[in-house]
Amino acid sequence: MSELCSSCSEQLELGAPQKKFEIDLERPSLEFPFQLALEGYFQGEGVNERKDLVEHAERTMKLVEEFAGLKLPPEAIYAVLLHDVADRFHNRDSQKCTLERRQAAGLALADVFTNPKTGMTCEQGLYVASLLADFILVEGVSGQHRLQVANTIPENIREIITDRYEGSVPAEAWRQVEPFVDVEQMAKFLDKTNIEAVIIKACELLDNMRYPSSSRESAKLQDVLEAESFYAPLCEVMGFDGLAASLRSQAHIIRLKGQGKHDLIEEIRGQYETIRQVGVRNLVNTIFGTEQVETEAVVGPRSEESCPNRSIHIGDFLAQNGKEVEGKYRLKTVGSWAAKVYEARQNDKPEYTPMDVLGLTVISDTVEDQARDFVAFLQQRIDTTPAFQLKKANSKSSAIYVQGTVDYVNAVRWEMWQHGFDIGHCEFAIQDDESVQRRGQKYQVSKVTFLMDYPKITESVPVEVQFVTRAERQ
């Protein structure tokens, strides 16, 4: 891309990591010139791109704004508009990089980077050029990961996920799972790459899974595998849980559709939409018995109350539980919910419902605080609210579950005994030294699962409220 920065005094080496500059609200916006460059490329002679190329770029930009808009500089968001243009110019290994497209892309990029009317500063140009180069780098690394792990996959499926397979994809392949990218490999990769490029490419993949440009079933499966094994884990490592959840949800949906489970998806989507329309904030209010719960979403507009139609419901809350408590909330995605139900029905459990459709995590400072908060919630909300009916998860023997070291479990038992709470209805699981060593750390949690009745919702909402310490959460 360095040849496109002739207006800058410094030349950029393709793919060299660039330091993110300080955000200056006075610098020119690049949205309009980038939009013109995209449209100019699309209309180029002999380009013959996918019909929704411009719409794809705009949708991807909106996804980036939704999942990471407050954490990225505006240049990164607007650079999304040029991601396909840069790919057609630089990514000569791609079958999409025809001679006509490369020429049209080169002209469009040269104009946007050198035309004085663009108003782009040298610093902006260096940053955007570096980002566009990293888009291609990230896509290449994700593809390499898919090819590397192909050796762990049965030979009859390998061709489907490593080549341009044109036939129909068998059900066995739709059930195939790839191993996650190695943690150390992730760290090294992120250290050398603009993390904005990873976020943007993840959003592009999410849009491609929602609006596939290829008619090949194998292309859809390849996208699913890269989303699950590469992009979602990277997004989680970087703290973009909402984007990771969206990728996994859409991957589950595509897998289930590939196995003909359209009716199941629509069944779950109907239940999800009913809950979503009621509003997560209203449900959290009911759980804590107050109208004063404060919620802040981490995806899309910050106010959960102002945007009930958001696609992902993940965020923070402040509530009263005898005292002020804070925590995290999450509404299970359609794809994750449907995948759990499908798995249960495959195992002859037709009535199965995941008990964490709405999940809340209360975060306390110490183990003593955590035990007090947990017992206070059990006595002040669970025992006194007719709309709550305790129901255990399939994997547990009781709806009230405590797990941890001997000292931790004893601390919770002592708090229950002091307040006269009947421990006979609780399940206690001791984590021994061997399991701590195997996991690499202690896992200490107290949780309760129940069905919650709510007006306007015909079926009870399955809720899990778990209590952890701040150290455990981190």
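Every heavy atom of this structure was used, including side-chain atoms; hydrogens, water molecules and symmetry mates were not.
Rounding to the nearest 0.5 angstrom, the gap separating the CD atom in Glu236 from the CG atom in Asp241 is 6.0 Å. Note that CZ of Phe240 and SG of Cys203 are 9.0 Å apart. Values are rounded to the nearest 0.5 Å. Between the CD1 atom in Ile160 and the CD atom in Gln222 there is a gap of 9.5 Å [rounded to 0.5 Å]. Atom NZ of residue Lys340 and atom NZ of residue Lys349 lie 10.5 Å apart, to the nearest 0.5 angstrom. Taken to the nearest 0.5 Å, the NZ atom of Lys201 stands 13.0 Å off from the OG1 atom of Thr193. Distance check, rounded to the nearest 0.5 Å: NE2 of His313 to CG of Leu331 gives 6.0 Å.
Listed by chain and residue number, Asp356 satisfy the salt bridge (Lys or Arg N to Asp or Glu O under 4.0 Å) test with Lys332 (two or more places apart in sequence, or in another chain).
A cation-pi contact, defined as under 6.0 Å to the ring centre and within 45° of the axis, is absent between Lys62 and Phe67. Figure legend: Arg345 and Tyr352 shown without cation-pi pairing, the cationic atom not lying both under 6.0 angstrom from the six-membered ring centre and within 45 degrees of its axis.
Pairing each heavy atom of Trp174 with each of Lys220, the nearest pair is CH2-CB, 4.2 Å. Smallest separation of non-hydrogen atoms from Leu247 and Ala232: CD1-N, 3.9 Å. The heavy-atom pair separating Leu38 from Leu82 by the smallest distance is N-CD2, 4.3 Å. Counting all heavy atoms, side chain and backbone alike, Pro33 lies closest to Ser29 at CD-O, 4.1 Å. Between Leu243 and Ala202, the closest heavy-atom pair is CD2-CB, 3.8 Å. Contact detail for Tyr401 and Ala429: the closest heavy-atom pair is OH-CB, 3.5 Å.
Side chain of Asn347 to backbone of Glu343: a donor-acceptor contact under 3.5 angstrom is found. Panel note: side chain Gln259, backbone Arg255; a donor-acceptor pair is recorded below 3.5 Å. A donor-acceptor contact shorter than 3.5 Å is absent between the side chain of Arg88 and the backbone of Ala105. Distance alone, capped at 3.5 Å, places no donor-acceptor pair between the Thr118 side chain and the Thr114 backbone. Using modelled atom types, one side-chain atom of Arg101 and one backbone atom of Asn48 make a donor-acceptor pair closer than 3.5 Å. Between the side chain of Gln466 and the backbone N or O of Thr361, no donor-acceptor pair lies under 3.5 Å. Without hydrogens or angle criteria, Thr60 side chain to Glu204 main chain gives no donor-acceptor distance under 3.5 Å. Listed for the Ser249 side chain is no donor-acceptor partner under 3.5 Å among the backbone atoms of Ala245. Proximity of a side-chain donor or acceptor of Ser142 to a complementary backbone N or O of Glu139 within less than 3.5 Å is detected.
Contact of the Arg269 side chain with the Val334 side chain is registered, since non-hydrogen atoms from C-beta on lie closer than 4.5 Å. Considering only heavy atoms from C-beta on, Gln370 stays 4.5 Å or farther from Val362 through its side chain. Using a 4.5 Å heavy-atom cutoff, the side chains of Thr469 and Asp365 are not in contact. Looking only at side-chain heavy atoms (C-beta outward), His56 and His83 come within less than 4.5 Å of each other. Phe113 places a side-chain heavy atom less than 4.5 Å from the side chain of Leu132. With a 4.5 Å cut-off on side-chain heavy atoms, Tyr329 and Val280 count as touching. In this structure, the side chains of Gln124 and Glu75 come closer than 4.5 Å at one or more pairs of heavy atoms. Within the 4.5 Å cutoff, the side chain of Leu131 has heavy atoms near those of the Tyr127 side chain.
For the residue pair Gln444 and Glu472, no side-chain donor N or O sits within less than 3.5 Å of a side-chain acceptor on the partner. At a cut-off of 3.5 Å, with distance as the only test, no side-chain donor of Thr405 or Gln431 sits close to an acceptor on the other residue. In summary, the side chains of Glu226 and His145 do not present any donor paired with an acceptor at a separation below 3.5 Å, with no hydrogens or angles considered. Between the side chains of Asn194 and Ser130, at least one donor-acceptor pair of N or O atoms lies under 3.5 Å. With 3.5 Å as the limit, one finds no donor-acceptor pair spanning the side chains of Glu39 and Gln43. Judged purely by distance below 3.5 Å, without hydrogens or angles, the side chains of Tyr41 and Glu49 pair a donor atom with an acceptor atom.
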Under the criterion side chain to side chain contact (heavy atoms under 4.5 Å, CB included), I'd like the reasoning laid out for Gln250 against Met209: C-alpha separation, chi angles, the key distance, then a yes or no. CA-CA 7 Å; Gln250 192 61 35; Met209 289 197 293; 3.7 Å; yes
Would you check, one step at a time, whether the test side chain to side chain contact (heavy atoms under 4.5 Å, CB included) holds for Glu464 with Val448? CA-CA 6 Å; Glu464 177 187 85; Val448 58; over 6 Å; no
May I have the step-by-step check of salt bridge (charged side-chain N to carboxylate O under 4.0 Å, His left out) for Glu273 and Arg276, ending in yes or no? CA-CA 5 Å; Glu273 289 296 332; Arg276 191 172 76 163; 3.0 Å; yes
Check the pair Thr333 / Tyr272 against side chain to side chain donor-acceptor pair (under 3.5 Å), numbers first and verdict last. CA-CA 8 Å; Thr333 60; Tyr272 175 86; over 6 Å; no
Apply side chain to side chain contact (heavy atoms under 4.5 Å, CB included) to Val128 and Phe34, showing your working. CA-CA 11 Å; Val128 171; Phe34 285 7; 3.9 Å; yes
Given Glu217 and Lys257, is the salt bridge (charged side-chain N to carboxylate O under 4.0 Å, His left out) satisfied, shown in steps? CA-CA 11 Å; Glu217 284 192 10; Lys257 285 183 176 179; over 6 Å; no
With side chain to side chain contact (heavy atoms under 4.5 Å, CB included) as the test, would you mind laying out the steps for Gln271 and Ile268 before giving the verdict? CA-CA 5 Å; Gln271 296 178 51; Ile268 300 302; 4.0 Å; yes
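Annotation: Asp263, atom CG; neighbour count of heavy atoms from other residues, nucleotides and ligands within 6.0 Å does not exceed 12.
For the side-chain contact (heavy atoms from CB on, under 4.5 Å) with Ile195, the lone residue among Leu72, Val138, Leu190, Asp134 that qualifies is Leu190.
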